[in-house]
Number of protein chains: 2
Amino acid sequence: MRIYFAGSIRGGREDAALYQQIIGFLQNFGEVLTEHIGDPNLTEAGDDGPTDRYIHDRDLEWLQSADVLVAEVTQVSMGVGYEIGRAVESGKKVLCLHRPGSGKKLSAMIGGCEQIEMVNYHELNDLAPQIADFMKNKIH
Amino acid sequence: MRIYFAGSIRGGREDAALYQQIIGFLQNFGEVLTEHIGDPNLTEAGDDGPTDRYIHDRDLEWLQSADVLVAEVTQVSMGVGYEIGRAVESGKKVLCLHRPGSGKKLSAMIGGCEQIEMVNYHELNDLAPQIADFMKNKIH
């Protein structure tokens, strides 16, 4: 299985260590195309490619080739929203992971989208069985 | 012409007064379906509908019925990113308005997307002729 993991880069890197843990867990189910999202050396300068055009086109090609999009949506990010929008519009399966106690309010466009499977969680231990369920029920 | 204007709500309302001015200018070219985005009484609680599902489905119907999406992308917003992603994926014309001196870094997924027409500006007076050009060249 090809998994596109989406998390905030230029929107803020506060959750980068969490992204890395989620990516590690997702790798039990398939190939994570965007492993760099969890890289602690990737800052919110977001210089993970020579130009914005290069980054966009590379990431979009990965997204289009993926079987599923998994997005951590707690940290507000324009790019994560864009990727979810493109995936939903193209009919791809989308799992969003959200921490309700973060103090940030989730967008109604994400929380209210019927095509998105939403998992609310507090820590990675709560999350693991729900990701496993999604992967079993939705994909296989 | 039917115009969908997108701006941040739950991502932060710092630019609400600017949204209202942009909406006023856009109304020279057609009907702005999302006039409430510029309402100074709309806070980042984002309670512009009874439920998130209601807000999502209403806004998506407006987006699908619009001839063009105009988005102010300076304030980071998951919902604005989502709307841009759905519009680009469905082949709709998209104009993004961005203030480079804001201190916020624009997502590579927005800045690097070839299908988006990007206008960088500092104040509304700089913006008006560029919106007029877009409306003339892209729509008529």
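Chain A is the first sequence line, chain B the second, and so forth, proteins listed ahead of strands; every chain is numbered from 1.
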Legend entry - Within 6.0 Å of CD in A:E35, more than 12 heavy atoms from elsewhere: no

Legend entry - Interface moiety of B:A45 toward chain A, non-hydrogen atoms closer than 4.5 Å: both

Inset, instruction - Identify the heavy atoms of B:S90 and A:E89 that sit nearest to each other, and give their distance. - result: CB-OE2, 3.4 Å

Inset, instruction - Using non-hydrogen atoms and a 4.5 Å limit, figure out which bit of B:L106 sits close to chain A: side chain, backbone, both or neither. - result: backbone

Legend entry - A:R53 side-chain N/O to B:G112 backbone N/O, donor-acceptor pair under 3.5 Å: yes

Inset, instruction - State yes or no: do B:L69 and B:I131 share one hydrophobic cluster built from I, L, V, M, F, W and Y residues joined by side-chain heavy-atom distances below 4.5 Å, directly or via other members? - result: no

Inset, instruction - Treat each ILVMFWY residue as a node, draw an edge where side-chain heavy atoms are under 4.5 Å apart, and state whether A:V32 and A:L97 are in one component. - result: yes

Legend entry - For A:V73 against B:M78, the heavy-atom pair lying closest together: O-CE, 3.2 Å

Inset, instruction - Please report the shortest heavy-atom distance between A:K105 and B:E44, naming the atom on each side. - result: CD-O, 4.3 Å

Legend entry - CD/A:Q21: more than 12 non-hydrogen atoms of other groups inside 6.0 Å: yes

Legend entry - CD/A:E61: more than 12 non-hydrogen atoms of other groups inside 6.0 Å: no

Legend entry - Closest non-hydrogen atom pair, A:C113 against B:Y82: SG-OH, 3.5 Å

Inset, instruction - State yes or no: do B:M1 and B:V94 share one hydrophobic cluster built from I, L, V, M, F, W and Y residues joined by side-chain heavy-atom distances below 4.5 Å, directly or via other members? - result: no

Legend entry - From A:M109 atom CE to B:E83 atom CD, the distance as rounded to the nearest 0.5 Å: 4.5 Å

Legend entry - Closest heavy-atom pair and its distance - B:R10, A:S107: NH1-C, 4.0 Å

Legend entry - Common cluster, A:Y19/A:L42, ILVMFWY with side-chain heavy-atom separation under 4.5 Å: yes

Inset, instruction - Tell me, for B:D57 versus chain A, whether the close heavy atoms (under 4.5 Å) come from the side chain, the backbone, both or neither. - result: side chain

Inset, instruction - Name the member of A:D52, A:V88, A:I55 that forms the most heavy-atom pairs with chain B at distances under 4.5 Å. - result: A:D52

Legend entry - Cluster link B:I23 to B:Y4, ILVMFWY, side chain under 4.5 Å: no

